[in-house]
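Quick note on labels: first sequence line is chain A, next is B, and so on, each numbered from 1.
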Protein chains: 2
Amino acid sequence: MIVTGHTSSGGHTDPLQGQQKAASIRDVAQAAGVSYQTVSRVINGHPNVREETRKRVETAIHALGFRRNATALALASGVTRSVTVLTSNTVLYGYAATLQGLEEAARAAGYPLGVRVVTPEDDLDRTIASAADTGGGLVVIGYDRLGAAALDRVPAHVPCAALVEAPPPGRTPDRPAVWADDREAARTATEHLLALGHENVHYVAIPASTGTRRTAAPRAEGWRQALRAAGVTPPAPSGKGWDAQAGYEAGRKLARNPDVTAILCGNDDLALGVLRALHHAGRRVPEDVSVIGFDDAPHSEFVTPSLTTVRMDFHGLGRAAFTLLRSQLDTDQQAPLPVPAEPTLVLRESSGPRAV
Amino acid sequence: MIVTGHTSSGGHTDPLQGQQKAASIRDVAQAAGVSYQTVSRVINGHPNVREETRKRVETAIHALGFRRNATALALASGVTRSVTVLTSNTVLYGYAATLQGLEEAARAAGYPLGVRVVTPEDDLDRTIASAADTGGGLVVIGYDRLGAAALDRVPAHVPCAALVEAPPPGRTPDRPAVWADDREAARTATEHLLALGHENVHYVAIPASTGTRRTAAPRAEGWRQALRAAGVTPPAPSGKGWDAQAGYEAGRKLARNPDVTAILCGNDDLALGVLRALHHAGRRVPEDVSVIGFDDAPHSEFVTPSLTTVRMDFHGLGRAAFTLLRSQLDTDQQAPLPVPAEPTLVLRESSGPRAV
DNA sequence: CTGAAAGCGCTTACAG
DNA sequence: CTGAAAGCGCTTACAG
């Protein structure tokens with residue numbers, strides 16, 4: 001059931017008409033007995049204002065509850081301090097956590113934050129243009145194909161920072177960007193499983209952010225490298241999506257193969273689906289099969305068996321990306337780039353030694 | 001590891017200086033050989049423009065890639081088509097899903113969407129003022145104390161719609177708002193457990209959105225009503241937070257009490273924590289204890305045992321809230337209010353008949 | 001140290 | 001049907 005209430009208590013006209021419109025710079029000037037340019041100087045902290053004048057203006061500002069009109073400021077100065085986040089998703093854990101980090105950083109810096117979800121139906125150029133002509137800068141979450149495609153189309157003159165998958169070693173993205181070393185993390189997780197005695201490690205992949213085969217997704221690449229280094233031939237990865245359902249489907253197939261004793265998953269949602277499929281197939285975790293996820297979503301610690309996973313500092317990445325953008329928008333303010341925490345393997349119940 | 005790349009390939013000056021600034025209404029006018037007012041008429045779809053003139057202007061618009069400057073539009077017209085969402089949280093499932101619905105609806109209507117997280121440290125009035133003076137309207141997520149407090153402080157003249165907990169029967173909020181019937185849903189869930197033969201149902205609560213004791217939280221209230229109607233004395237609710245950790249702590253205590261055979265939780269995260277605590281205490285679900293959650297988060301279907309829960313249409317609520325705001329911002333455009341789906345009890349493995 | 005102008009890119013009346 | 005003015009609330013040079 002949904003119900004709606006309304007402010008007006010009956011009539012269809014607002015009794016308190018007008019609602020005296022917000023005080024402008026001129027109102028303040030008049031109240032303080034100065035010209036409005038002087039008011040402008042005061043609110044912008046210009047040095048050349050007599051102390052007494054400044055006081056008078058500040059008093060008037062308080063008395064009238066003056067707040068500088070952001071729209072006029074943007075139009076007159078040609079500068080807009082704001083961020084718009086372009087992302088294909090807002091609810092998956094990695095995205096939501098990144099967004100949270102971005103919002104925190106933006107809020108701390110006094111930047112309004114906008115969110116614009118990109119869909120496959122979008123005309124990317126139009127989307128970017130409309131997001132950009134708000135005036136401020138863009139932060140693009142390029143974790144997936146859609147986000148990466150959007151990033152590629154951001155015009156060079158638009159201030160922009162990106163969150164991307166780890167680029168191939170030695171290659172630097174052509175735009176300011178931050179990333180975590182997923183490749184190394186996946187390698188570590190895979191090595192851990194091998195060290196536990198598993199003869200092979202299967203991988204349930206998240207969708208790749210690039211179309212080209214050459215540039216393999218870093219998590220897949222790290223897994224593959226670890227296997228190769230151990231002289232193991234990597235089996236074909238499975239996985240057709242981001243969520244638990246996709247993990248479940250991949251897991252059902254893997255569960256049928258008795259040779260499968262260790263599974264690395266591209267994220268915790270996939271891992272949850274895999275756990276479920278193994279459960280349905282009657283294969284115990286970790287006694288029969290070990291499962292490791294990626295991201296350390298909040299619930300991963302509380303499911304049974306609790307999930308061994310790679311903790312990612314999405315929050316820190318979000319903060320870093322904002323800082324990267326801000327340094328483009330506000331060249332005065334070159335804050336040091338906050339360094340996100342390294343990915344960490346968190347050992348829990350879902351992984352263990354291979355049963356002999 | 002985090003690395004950053006930069007656009008400039010070496011020099012510290014941009015080689016392509018200037019980046020010819022965006023075409024203005026006057027540029028278009030000149031290209032089309034008309035005055036800029038005529039261009040204004042065309043882009044605003046005014047009727048009084050000769051067909052041929054319109055064509056000429058449209059051609060020029062395309063040729064120059066003209067996009068109307070949103071900032072100037074806002075300043076000149078005094079109207080801003082945008083929404084800012086005020087919320088205390090963006091990652092908890094109910095909030096994230098609501099936000100997703102809001103974003104979708106805003107995007108479909110061509111409204112930019114801003115997000116501003118409210119914290120306990122915030123000066124609410126300042127926060128609201130700065131969110132409001134972007135020009136557009138506000139959507140406040142009032143599911144919790146902080147959100148509800150923010151909503152209370154929104155000045156009457158600021159266009160605003162809210163998402164709230166179900167108000168007490170017969171009372172309507174004094175602002176346009178949408179809500180789901182959580183009370184009824186909690187009643188249904190509790191009755192279900194009673195019908196399964198449980199003599200009592202314990203409740204692990206989410207934090208209340210109001211400070212006053214009188215106005216009980218709707219989920220708690222529905223649970224209480226169902227018990228009373230069945231002649232059962234409601235036990236004291238537990239729960240000290242929103243997340244699985246809080247559920248775990250509440251669950252540990254409940255697990256020790258052998259009389260506890262059925263637990264309703266204020267959300268799925270709490271339920272996950274309760275399941276975990278019961279597992280640690282060696283109490284089987286649902287054989288020894290039934291657990292029901294609230295919200296139907298995406299992973300609830302995939303945990304083991306899968307979680308019986310109340311599915312909420314946060315998405316639909318978000319869309320409805322946006323529509324409610326839009327009808328205030330754009331009085332021409334009175335779209336019908338989309339009706340969110342009713343809360344539904346989804347039966348899964350975590351609930352079952354009381355063992356005899 | 002402070003004031004008078006011009007302008008940011010658009011819209012809304014006002015003229016013709 | 002179309003053009004010339006004035007103004008939205010501010011800032012950035014320019015004068016004094």
Side-chain angles (χ1 to χ4, degrees), chain A residues 18 20-58 60-61 64-82 129-130 132-136 330 332, chain B residues 18 20-58 60-61 64-82 129-130 132-136 330 332:
Chain A
Q20 71 274 16
K21 49 187 300 193
S24 82
I25 209 182
R26 299 181 208 255
D27 299 323
V28 173
Q30 189 180 332
V34 297
S35 76
Y36 63 85
Q37 291 86 338
T38 300
V39 176
S40 175
R41 286 192 190 91
V42 171
I43 61 185
N44 288 297
H46 281 208
N48 291 353
V49 180
R50 206 176 6 140
E51 193 47 35
E52 192 224 309
T53 312
R54 175 186 309 282
K55 290 266 192 253
R56 209 132 42 84
V57 171
E58 280 166 351
I61 285 176
L64 301 183
F66 168 81
R67 315 197 85 244
R68 172 222 252 129
N69 180 311
T71 304
L73 169 60
L75 184 59
S77 69
V79 180
T80 314
R81 299 248 158 107
S82 70
S130 79
D133 68 23
T134 312
D330 186 350
D332 300 341
Chain B
Q20 72 272 17
K21 51 187 298 193
S24 82
I25 209 182
R26 299 181 208 254
D27 299 322
V28 173
Q30 188 180 331
V34 298
S35 77
Y36 64 84
Q37 291 86 339
T38 300
V39 177
S40 175
R41 285 190 191 93
V42 171
I43 61 184
N44 288 297
H46 281 207
N48 291 353
V49 180
R50 212 185 350 149
E51 192 49 33
E52 192 225 308
T53 311
R54 177 186 307 282
K55 290 265 192 256
R56 209 136 37 86
V57 170
E58 279 166 351
I61 285 176
L64 301 183
F66 168 80
R67 314 198 86 246
R68 174 221 251 126
N69 180 310
T71 304
L73 169 62
L75 183 59
S77 69
V79 180
T80 315
R81 299 249 159 105
S82 70
S130 78
D133 69 22
T134 312
D330 185 350
D332 302 340

| query | Can you list every salt bridge (charged side-chain N to carboxylate O under 4.0 Å, His left out) pair that touches residues 66-79 of chain B, not counting sequence neighbours? | reply | Asp133(A)-Arg67(B)
| query | Between dC8(C) atom P and Leu75(A) atom CG, what is the distance in whole Å? | reply | 9 Å
| query | What residue pairs, at least two apart or across chains, pass salt bridge (charged side-chain N to carboxylate O under 4.0 Å, His left out) with a residue in residues 40-50 of chain B? | reply | Arg50(B)-Glu52(B)
| task | With sequence neighbours left out, write down each residue that passes side chain to side chain contact (heavy atoms under 4.5 Å, CB included) with Ala29(A), or none if nothing qualifies. | result | Val34(A), Tyr36(A), Val39(A)
| message | Could you tell me how far apart His46(B) (NE2) and dG3(D) (P) are, to the nearest whole angstrom? | response | 15 Å
| said: Expressed as a whole number of angstroms, how long is the span from Arg26(B):CZ to dT11(C):P? | reply: 11 Å
| request: Name all residues meeting the side chain to side chain donor-acceptor pair (under 3.5 Å) criterion together with Gln37(A); count only those two or more places apart in sequence or in a different chain, and write none if there are none. | output: Ser35(A)
| Stem ranges for DNA chain D, with three or more consecutive Watson-Crick or G-U pairs under 3.5 Å? | C:1-3 with D:14-16, C:5-12 with D:5-12, C:14-16 with D:1-3
| remark: For Thr53(B), the side chain to side chain donor-acceptor pair (under 3.5 Å) test, sequence neighbours excluded, returns none
| request: May I ask you to list the residues of residues 34-41 of chain B, by number, that have any heavy atom positioned under 4.0 Å from an atom of DNA chain D? | output: Val34(B), Ser35(B), Tyr36(B), Gln37(B), Thr38(B), Arg41(B)
| query | Can you list every pair that meets side chain to side chain donor-acceptor pair (under 3.5 Å) and has a residue in residues 69-80 of chain B, with sequence neighbours left out? | reply | none
| query | What is the distance, rounded to the nearest whole Å, between atom CG of Asn44(A) and atom C1' of dA13(D)? | reply | 14 Å
| task | Quick one: list whatever passes side chain to side chain donor-acceptor pair (under 3.5 Å) with Arg54(B), sequence neighbours left out. | result | none
| said: The criterion is salt bridge (Lys or Arg N to Asp or Glu O under 4.0 Å); which residues satisfy it with Arg26(A), sequence neighbours excluded? | reply: none
| From Gln30(A) atom CD to Ile25(A) atom CD1, the distance as rounded to the nearest 0.5 Å | 13.5 Å
| remark: To the nearest angstrom, the CG-P distance between Leu73(B) and dT12(C) comes to 8 Å
| task | Can you tell me the distance, in whole Å, between the CG atom of Asp27(B) and the P atom of dG9(C)? | result | 9 Å
| Closest non-hydrogen atom pair, Ile61(B) against Ile43(B) | CD1-CG2, 3.6 Å
| In residues 64-72 of chain A, which residues come under 4.0 Å of DNA chain C by heavy atom? | none
| query | Rounded to the Å, how far apart are Ile25(A) CD1 and dG3(C) C1'? | reply | 13 Å
| remark: Across all chains, not counting sequence neighbours, the side chain to side chain donor-acceptor pair (under 3.5 Å) partners of Asp330(A) are Arg81(A)
